[in-house]
Amino acid sequence: MHSMSSSTRPRSLSGIQPTADSFHFGNYFGALRQWVGLQEDHDAFYFIADLHSLNERPDPSLLRQRTYASVAQLLAAGVDVERSTLFCQSQVVEHTQLAWVFNGLTGFGEAGRMTQFKDKVGRRGEENANVALFTYPILQAADILLYNPHHVPVGEDQRQHLELSRNLAQRFNHHYGETFRLPEPYIVKGTARILDLQDPTSKMSKSASSPNGIIDLLDDPARARKKIRSAVTDSGSEIVFDPETKPGISNLLTIFSAITGEDVETIVARFEGRQYGHLKVELGDVVADFVAGFGERTRAYLDDLAELDRVLAAGAVRAREVAAPVVVDVYDKVGLVRGV
Ligand code: TRP
């Protein structure tokens, strides 16, 4: 049971979109593992941001399948529903209800200045970009502020969205009275920045990396091993950790350390006098073992979709216990009629 009750622990909250068949090492070592760690001393809320993923109009059956796969992976990663509230965004109607109020508080220019929005419109072209892409950060603000979290563990790329959430909280409080806590971004210790195996100067990313540059948590072990063995390395032959001059080898060392928990220095010392190839062979095995175990745990969860539905239903009930009174309060404060 809890060592501290939920009321005394700081609250953390984060979400992830179900946009791929599998999360990758960048997601896992850069974020998901911290989610799991935060459960120890936080009242944690984690959700699948399925509504957010509608900004790409995904195939319906694929979206549903990926949502289940996302839940299963979070469970396999160690999100513990005894301690944390795990839910699906679309099953907690309060997210869209609060987002609508925030739409009314957000300036057109303000939303247009979000760099992620500008990047995506730039890539897709204006005719292929929809309004959900534009209002995306406003829904994200609702996701966050409904739970009044102290900490929101997110990657650097979400900093501006978090800033918008803080601004909206402040603006709402100013106009309608103290309601929301200003959430802090939480760039957690121990986060490993995992880079593209084929281009170790940029981060491992689903949208930007080539398939061989990414290791998926659900990769077949042999395939994952092969990707490590064909990772781009650097000139020279000495195994040292130096992200500036040896980005490729340093990335492999980071991955090694992230999986085994050994310090990078310890690993470097062990490989003294040996070649890149030796490191790749050993790391290939470590990675293959890791994805084998992860895949097995995930598939076990996916074998019982009815149980996943129950997990999500229970999570939604707990999330709504927090979120529903916030919407009642907000609707009241902005002057919507109360009803009976
Ligand atoms: N936009 C986030 C991402 O792409 C996902 C997300 C949606 C989120 N709502 C959130 C993250 C609320 C933290 C809090 O990574």
Side-chain angles (χ1 to χ4, degrees), residues 10-20 23-36 38 42-56 58 63 66-67 70-71 73-74 77 79 84-99 102-103 106 111 114-120 123 132-169 180-188 191 193-194 203-208 315 319 322-323 326:
R11 185 172 287 167
S12 67
L13 169 131
S14 199
I16 190 161
Q17 291 189 65
T19 44
F23 296 132
H24 57 66
F25 271 26
N27 303 131
Y28 181 75
F29 293 112
L32 301 183
R33 214 170 50 161
Q34 281 64 43
W35 291 16
V36 173
L38 282 168
H42 281 69
D43 178 27
F45 285 72
Y46 298 128
F47 67 95
I48 309 300
D50 57 345
L51 293 172
H52 272 106
S53 67
L54 293 181
N55 77 75
E56 290 188 2
L63 172 58
R66 287 174 167 177
T67 299
S70 300
V71 178
Q73 288 174 86
L74 292 182
V79 170
S84 299
T85 301
L86 175 63
F87 64 98
C88 189
Q89 184 185 35
S90 60
Q91 295 184 331
V92 179
V93 293
E94 286 77 9
H95 289 242
T96 46
Q97 294 178 323
L98 184 61
F102 286 164
N103 278 336
T106 310
M114 294 292 123
T115 53
Q116 197 170 71
F117 168 71
K118 289 194 288 188
D119 288 351
K120 290 202 171 163
R123 261 186 271 148
L133 197 59
F134 186 60
T135 56
Y136 181 110
I138 302 172
L139 178 59
Q140 183 165 350
D143 296 339
I144 295 170
L145 297 177
L146 274 176
Y147 300 92
N148 275 313
H150 299 78
H151 299 130
V152 183
V154 284
E156 195 52 44
D157 64 330
Q158 296 297 311
R159 207 178 264 282
Q160 197 188 24
H161 291 166
L162 222 69
E163 197 54 39
L164 178 72
S165 301
R166 288 173 60 87
N167 290 340
L168 287 173
F180 295 112
R181 187 199 315 279
L182 307 193
E184 301 285 347
Y186 197 61
I187 311 298
V188 219
T191 313
R193 194 163 182 269
I194 309 292
K203 71 171 194 179
M204 188 178 285
S205 131
K206 177 189 155 286
S207 51
V322 177
V326 173

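One-based numbering, in listed order, for ligands and for the atoms of each.
- Atom 6 (C) of ligand 1 has Gly15 O, 3.8 Å as its closest protein atom, hydrogens excluded (heavy atom only).
- If you look at Asp157 next to ligand 1, there are no close heavy atoms at all, none under 4.0 Å.
- Close approach of ligand 1 to Val154 (heavy-atom distance below 4.0 Å) involves ligand atoms 11 (C), 13 (C).
- Numbered from 1 in the order shown, with element, the atoms of ligand 1 that lie under 4.0 Å from a heavy atom of His52 read 7 (C), 9 (N).
- In terms of heavy atoms, Gln116 sits closest to Gln158 at NE2-NE2, 3.5 Å.
- The one candidate from Gln160, His161, Lys120 that meets the side chain to side chain donor-acceptor pair (under 3.5 Å) condition with Thr115 is Gln160.
- Between the side chains of Tyr136 and Gln17, at least one donor N or O sits under 3.5 Å from an acceptor N or O.
- Atom 9 (N) of ligand 1 has Asp143 OD2, 2.7 Å as its closest protein atom, hydrogens excluded (heavy atom only).
- Close approach of ligand 1 to Gln17 (heavy-atom distance below 4.0 Å) involves ligand atoms 4 (O).
- Ring orientation note: the planes of Phe102 and Phe180 are nearly perpendicular, at an angle over 60° on the 30°/60° scale.
- The atoms of ligand 1 that sit less than 4.0 Å from any heavy atom of Ile144 are 12 (C), 14 (C).
- Contact annotation: for Phe47 versus ligand 1, heavy atoms closer than 4.0 Å belong to the side chain alone.
- Regarding atom 1 (N) of ligand 1, its nearest protein heavy-atom neighbour is Tyr136 OH, 2.8 Å.
- At a heavy-atom cutoff of 4.0 Å, ligand 1 is contacted by the side chain of Gln158 but not by its backbone.
- Counted by atom type alone, Thr67 and Asp50 present zero donor-acceptor pairs between their side chains at under 3.5 Å.
- Ring-plane geometry between His95 and Tyr147 is classed as tilted, the angle between the planes lying from 30 to 60 degrees on a 0 to 90 degree scale.
- Side-chain atoms of His52 and Gln89 form a donor-acceptor pair, as typed in the model, at a separation below 3.5 Å.
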